[in-house]
A.B. asks: 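Can you keep this structure in mind? I'll have questions shortly.
Counting from 1, the numbers follow the sequence of the chain as shown.
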Amino acid sequence: QVHLVESGGGSAQAGGSLRLACTASGGNFRGSVNLMGWFRQAPGQEREGVAAAYAGVGYTFYADSVKGRFTISLDIDKEAVYLQMDDLKPEDTAMYYCAAGWSYGTNWANELEYRFWGQGTQVTVSS
């Protein structure tokens with residue numbers, strides 16, 4: 001079983017930046033994971049995909065709401081994924097979750113593509 005732990009959440013002013021990190025441990029990571037992503041859930045809203053990256057091929061995907069502001073990076077050797085969040089907006093406030101799985105498709109925003117999930121880290125952006 002791959003275990004994911006997020007870090008780097010916190011509070012920021014609008015226009016500021018935060019960097020989230022997610023590290024994996026345990027299980028057969030390279031045999032179980034080729035896709036890592038970030039999801040978020042704001043109070044009263046459904047969880048949504050924010051960004052994802054496929055290992056080895058360099059493909060990255062972003063939700064329209066974060067394109068140009070967020071950057072996902074995947075370090076398979078370190079079994080980690082990062083989310084650099086710039087130009088933060090109050091609407092980015094949410095609990096952010098790291099997710100990992102093995103996928104043959106490109107439906108990165110579908111939660112069913114991910115087998116392993118972290119506990120989440122809170123991001124709060126004030127205006």
A.B. asks: State the OG1-CZ distance between T71 and R19, to the nearest 0.5 angstrom.
C.D. replies: 9.5 Å

A.B. asks: Is there side-chain contact between V50 and Y62, with at least one heavy-atom pair below 4.5 Å?
C.D. replies: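 No. Closest side-chain heavy atoms not under 4.5 Å.
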
A.B. asks: Yes or no on side-chain contact (heavy atoms from CB on, under 4.5 Å) for M85 and V123, after CA distance, side-chain angles and deciding distance?
C.D. replies: CA-CA 10 Å; M85 305 185 295; V123 170; 3.8 Å; yes

A.B. asks: Can you run down the disulfide bond (SG atoms under 2.5 Å apart) pairs that involve residues 74-127, sequence neighbours left out, and say none if there aren't any?
C.D. replies: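 Non-adjacent pairs meeting disulfide bond (SG atoms under 2.5 Å apart): C22-C98.
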
A.B. asks: Distance check, rounded to the nearest 0.5 Å: F39 atom CZ versus E46 atom CD?
C.D. replies: 12.5 Å

A.B. asks: Do the side chains of R47 and E111 get nearer than 4.5 Å, heavy atoms only?
C.D. replies: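 When only atoms from C-beta onward are counted, R47 and E111 do touch, with a gap below 4.5 Å.
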
A.B. asks: Would you say that Q84 contacts S17 through its side chain, given a criterion of any heavy-atom pair below 4.5 Å between the two side chains?
C.D. replies: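 A side-chain contact under 4.5 Å exists here.
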
A.B. asks: Tell me, please, which residues at least two apart from Y97 pass ring-ring contact (aromatic ring centres under 6.0 Å, His included).
C.D. replies: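 Listed in chain order: nothing, the list is empty.
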
A.B. asks: Answer whether the closest heavy-atom distance between the side chains of L88 and L18 falls below 4.5 Å.
C.D. replies: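 In contact.
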
A.B. asks: Under the criterion ring-ring contact (aromatic ring centres under 6.0 Å, His included), I'd like the reasoning laid out for W38 against F70: C-alpha separation, chi angles, the key distance, then a yes or no.
C.D. replies: CA-CA 11 Å; W38 290 94; F70 291 10; over 10 Å; no

A.B. asks: Please report the interatomic distance CG(D87) to CZ(R69), rounded to the nearest 0.5 Å.
C.D. replies: 6.0 Å

A.B. asks: CD of Q119: more than 12 outside heavy atoms within 6.0 angstrom?
C.D. replies: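 At most 12 heavy atoms, drawn from other residues, nucleotides or ligands, come within 6.0 Å of this atom.
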
A.B. asks: What are the two closest non-hydrogen atoms of L83 and A51, and how far apart are they?
C.D. replies: CD1-CB, 4.1 Å

A.B. asks: Answer yes or no: is there a side-chain heavy-atom contact under 4.5 Å between Y114 and V33?
C.D. replies: no

A.B. asks: Testing the basics here: between W102 and G31, what is the closest heavy-atom pair and its distance to 0.1 Å?
C.D. replies: CE3-O, 4.2 Å

A.B. asks: Just wondering, do V81 and I72 contact through their side chains at under 4.5 Å, heavy atoms?
C.D. replies: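 Yes - at least one pair of side-chain heavy atoms lies under 4.5 Å apart.
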
A.B. asks: Once you round to the nearest 0.5 Å, how far does CG of N34 lie from CE of M36?
C.D. replies: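 These two atoms lie 11.0 Å from each other.
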
A.B. asks: If you define the side chain from C-beta out and look only at heavy atoms, does anything of E113 sit under 4.5 Å from L35?
C.D. replies: yes

A.B. asks: Which atom pair, heavy atoms only, marks the closest approach of Q122 to M95?
C.D. replies: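 Residues Q122 and M95, closest heavy atoms: N-SD, 3.5 Å.
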
A.B. asks: Going through the checks in order, is the side-chain contact (heavy atoms from CB on, under 4.5 Å) test met by E6 and L20?
C.D. replies: CA-CA 7 Å; E6 302 98 336; L20 304 183; over 6 Å; no

A.B. asks: For the pair D92 (side chain) and K89 (backbone), establish whether a donor and an acceptor sit closer than 3.5 Å, ignoring hydrogens and angles.
C.D. replies: yes

A.B. asks: Please give me the minimum heavy-atom distance between L74 and A80, naming the atom from each residue.
C.D. replies: CD1-O, 3.4 Å

A.B. asks: Do Y59 and W108 have ring centres separated by under 6.0 Å?
C.D. replies: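 Not close enough - the centres of the two rings lie 6.0 Å or further apart.
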
A.B. asks: Can you tell me if T93 uses its side chain to pair, donor with acceptor, with the backbone of V125 under 3.5 Å?
C.D. replies: yes

A.B. asks: Output yes when a side-chain donor or acceptor of R115 lies under 3.5 Å from a complementary backbone atom of G101, and no otherwise.
C.D. replies: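 Side chain of R115 to backbone of G101, a donor-acceptor pair under 3.5 Å: no, none is there.
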
A.B. asks: Looking only at heavy atoms, which two atoms of A24 and V2 are closest? And how far apart?
C.D. replies: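 Scanning both residues, the minimum pair turns out to be CB-CG1, 3.9 Å.
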
A.B. asks: Determine whether the side chains of Y54 and S103 contain a donor N or O and an acceptor N or O closer than 3.5 Å.
C.D. replies: yes

A.B. asks: What pair of heavy atoms forms the shortest contact from G49 to A63, and how long is it?
C.D. replies: O-CB, 3.4 Å

A.B. asks: Going by heavy atoms in the side chains, are H3 and F116 under 4.5 Å from each other?
C.D. replies: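 They are not in side-chain contact.
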
A.B. asks: Tell me, with the steps shown, if R40 and V66 meet side-chain contact (heavy atoms from CB on, under 4.5 Å).
C.D. replies: CA-CA 12 Å; R40 68 185 181 187; V66 306; 4.0 Å; yes

A.B. asks: Is any side-chain N of the basic residue among R30 and D77 closer than 4.0 Å to the acidic one's carboxylate O?
C.D. replies: yes

